Amino acid sequence: MAAHYNTDAAPETGGARAVGSDDYALSRVPREKRLGFWTMLLQWLAQSGSISQFTLGATIGVGMSFGDAFLAFTLGAVILEVVIFAIGLAGMREGLATPLLTRWVGFGRNGSALVSLVISISLVGWFGVQNTIFGDSVSSLVGGPSWLWCAVAGVAITVLVIFGFRYMAVFAKIVTPLFFAMVAWSVTDALSDHSLSELIHSPAPGESIPLAVAATAIAGGYMTGAIVSPEMTRYNRKGSHVFLQSASSMILSEYIVGLTGVLLGHMVGSGQVSQIVLSTSGVFGVLVVLMSTAKINDWNLYGSSLGVVNFFQVVFGKRLHRGAVTIALGVAGTVLSAVGIMTHFTDFLSVLGVAIPPVGGIIVAEYWVVRRTRAPLDATREAGTLPATSPTWVPMSLVIWAVAFCVGKFYDGGIPALNSLLAAFVLYCVLGYAGWIRTYGTTTLDDDAGTVPSQAAPGTATVGA
């Protein structure tokens, strides 16, 4: 019998109710638990509400004309949207997050554990880094020690993520309209004394930035988020919703927020424009930015928790509750950010940023083109259950992953994250059609994950779904 967990509410464990929501960490999201268009749209738009996106736009604007910056943002947006839709649609169809999806799409059970580990380390790392940046920014703006603001933000985000996707969606409904209303007022006030036409047609005020470099910053900076988009899209009801919502987010993030940042960069001749947004909005503005930062950074912690649950279930046979995992990760990331350690890991996290895109390339190639390992998902999709078994290993996928990473890391041309993703996609398709993509071993899924394992047939490993 295929395993199925109805884990939207916290399960009872040992007679006591676990903290927070498990959010279907190791099962499909049932169709009846999917969310409506407008609720999901606000979740997507909330990812666009970031001061850092204004800063990115201003930094690009210092080195590019408005027309060239428009081209760079267009290139970045198209790349990201293609990746998000291809991977996000798979997540929506199957109701599965990226770590669990990879068990049947390209990597097998043991390979999915490695994928989960890499994604979890990267996301919780960026959670800590973003928390540090936030603490330093608020400290310089309103005073107080940076570590205190890191602690406040880290605790707030952790509490939110403990209770899962639905509470994160409610928070998005509150924060997203407030953020963009506040930013619109601040930016309009800042630009009111300048000619919009002159700013658009003015030359770049600083050293020239090549198109490839700008596109790399735009597309590469969010590529990891694109790869883990199934964490969000598994709650979508329709494929058209995935496209419309993600495209709306790209339009808002790149064309409105990003290009407004370009104009601000032309106006002040610097990428340091966050003060423009913050200084004109007072305490209310700081609070809104605080909440919008939490709304973006919560996805780092949420995605990391899902990866850790899958990793421990595969490697140690332990069925951890996602809420408990969130507490552990949130405390670790908050403490490390408060003591200033996380900023020393940005180079390492950037390396992981090149290692994760090949996972997306393999997912897209297997799910939409090669289709060698996804058949069990097709057979169980309508029933809303997981397949009774999964491949144990897909060795060639690990080889492709390593080769694609080297392409992204050591080839100097183009966009590193995109290079590694495309290399993985092409290699998997070619080797798949050549018959070189083969599975080794079969893992039997057990209905009682993390409790008493059933006896597996010789040569298989028992694992809960």
Side-chain angles (χ1 to χ4, degrees), residues 23 29 34-50 52-53 56-57 70 72-99 101 105 119 123 126 165-166 168-169 171-173 175-177 179-180 215 217-259 292 295-300 302-303 306 353 356-357 359-361 363-365 367-368 415 417-418 421-422 425:
D23 264 10
V29 176
R34 307 291 179 95
L35 301 178
F37 179 85
W38 296 108
T39 296
M40 294 298 298
L41 176 63
L42 283 172
Q43 280 279 37
W44 278 103
L45 296 182
Q47 306 310 301
S48 308
S50 170
S52 62
Q53 187 70 0
L56 173 63
F70 181 89
F73 275 106
T74 299
L75 180 60
V78 169
I79 292 171
L80 286 172
E81 179 57 25
V82 169
V83 175
I84 289 172
F85 184 64
I87 299 176
L89 185 59
M92 184 281 301
R93 282 166 52 87
E94 305 302 339
L96 297 175
T98 300
L101 182 66
V105 184
I119 289 176
L123 292 180
W126 284 116
F165 192 95
R166 290 181 179 274
M168 292 162 64
F171 192 54
K173 292 179 181 179
V175 172
T176 306
F179 177 82
F180 284 107
I218 295 165
Y222 191 68
M223 188 61 74
T224 297
I227 303 306
V228 298
S229 59
E231 273 72 341
M232 185 182 296
T233 62
R234 65 197 180 117
Y235 279 93
N236 273 110
R237 294 174 179 170
K238 298 179 181 179
S240 58
H241 290 184
V242 174
F243 175 76
L244 291 173
Q245 291 158 5
S246 58
S248 297
S249 179
M250 285 297 104
I251 291 171
L252 182 60
S253 176
E254 312 303 338
Y255 289 112
I256 298 179
V257 176
L259 290 178
S292 66
K295 188 64 213 76
I296 293 173
N297 211 14
D298 61 0
W299 279 102
N300 288 326
Y302 184 77
L306 293 172
I356 292 176
V359 173
I363 291 174
V364 174
Y367 194 88
W368 297 110
I415 301 172
L418 181 62
L421 183 146
L422 289 177
F425 175 81

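What you are looking at is a predicted structure, and each value in this text was computed from that prediction instead of being measured.
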(request) Search all heavy atoms of Val105 against all heavy atoms of Ile363 and return the closest pair with its distance. (result) CG1-O, 3.6 Å
(request) Enter the distance from Leu35:CG to Leu42:CG here, rounded to the nearest 0.5 Å. (result) 11.5 Å
(message) So Lys295 and Met168, do their side chains get closer than 4.5 Å, heavy atoms only?
(response) yes
(request) Measure the OG-CG distance between Ser249 and Leu244 for me, rounded to the nearest 0.5 Å. (result) 12.5 Å
(request) Write down the atom of Leu101, the atom of Ala90, and the distance for their closest heavy-atom approach. (result) CD2-CB, 4.4 Å
(request) Begin with the C-alpha distance, continue with both residues' side-chain angles, and end with the deciding distance and a verdict on side chain to side chain contact (heavy atoms under 4.5 Å, CB included) for Trp44 and Ser229. (result) CA-CA 10 Å; Trp44 278 103; Ser229 59; 4.2 Å; yes
(message) For a 4.5 angstrom cut-off between non-hydrogen side-chain atoms, does Phe425 reach Pro357?
(response) no
(message) To check you understand the geometry: which heavy-atom pair defines the closest contact between Gly239 and Phe85, and what is its length?
(response) O-CE1, 3.7 Å
(message) Go through it in stages, so that I can follow the logic: the residues are Phe37 and Lys238, the test is side chain to side chain contact (heavy atoms under 4.5 Å, CB included), and I'd like the CA-CA distance, side-chain angles, deciding distance and then a yes or no.
(response) CA-CA 9 Å; Phe37 179 85; Lys238 298 179 181 179; over 6 Å; no
(request) Please tell me if the side chains of Val242 and Met40 come closer than 4.5 Å, counting only heavy atoms from C-beta onward. (result) no
(request) Begin with the C-alpha distance, continue with both residues' side-chain angles, and end with the deciding distance and a verdict on side chain to side chain contact (heavy atoms under 4.5 Å, CB included) for Ile296 and Gln53. (result) CA-CA 12 Å; Ile296 293 173; Gln53 187 70 0; over 6 Å; no
(request) Go through the steps for Tyr367 and Glu94 under the test side chain to side chain donor-acceptor pair (under 3.5 Å), then give the verdict. (result) CA-CA 11 Å; Tyr367 194 88; Glu94 305 302 339; 2.5 Å; yes
(request) Report the distance from atom CG of Asp298 to atom CZ of Phe165, rounding to the nearest 0.5 Å. (result) 10.0 Å
(message) Does any part of the side chain of Trp126, heavy atoms only, come nearer than 4.5 Å to the side chain of Thr224, both counted from C-beta?
(response) no
(message) Nearest 0.5 angstrom please: Leu306 CG to Tyr302 OH, how far?
(response) 5.0 Å
(message) For Ile218 and Leu75: C-alpha separation, side-chain torsions, deciding distance, then whether side chain to side chain contact (heavy atoms under 4.5 Å, CB included) applies.
(response) CA-CA 9 Å; Ile218 295 165; Leu75 180 60; over 6 Å; no
(message) Just so I know, are the side chains of Phe180 and Ile256 near enough to count as touching, which here means a heavy-atom distance under 4.5 Å?
(response) no
(request) Please round to the nearest 0.5 Å and tell me the distance separating atom CD1 of Ile227 and atom CG of Leu123. (result) 11.5 Å
(request) Determine the minimum heavy-atom distance between Ile84 and Ser246, stating which atoms define it. (result) CG2-CB, 3.7 Å
(request) Write down the atom of Pro99, the atom of Glu231, and the distance for their closest heavy-atom approach. (result) CD-OE2, 3.4 Å
(message) Which residue is it: His241, Arg34, Gln245? I am looking for the one with a side chain to side chain donor-acceptor pair (under 3.5 Å) to Asn236.
(response) Gln245
(message) Checking Tyr235 against Gln43: is there a side-chain donor and acceptor pair closer than 3.5 Å?
(response) no
(message) If you compare all heavy atoms of Ile79 against all heavy atoms of Met223, which two are closest, and at what distance to 0.1 Å?
(response) CG2-CE, 4.0 Å
(message) Within the structure provided, determine whether Leu80 and Glu254 are in side-chain contact (heavy-atom separation under 4.5 Å).
(response) yes
(message) Does any part of the side chain of Ile87, heavy atoms only, come nearer than 4.5 Å to the side chain of Pro230, both counted from C-beta?
(response) yes
(request) Report yes if the side chains of Met250 and Tyr255 come closer than 4.5 Å at any heavy-atom pair, otherwise no. (result) no
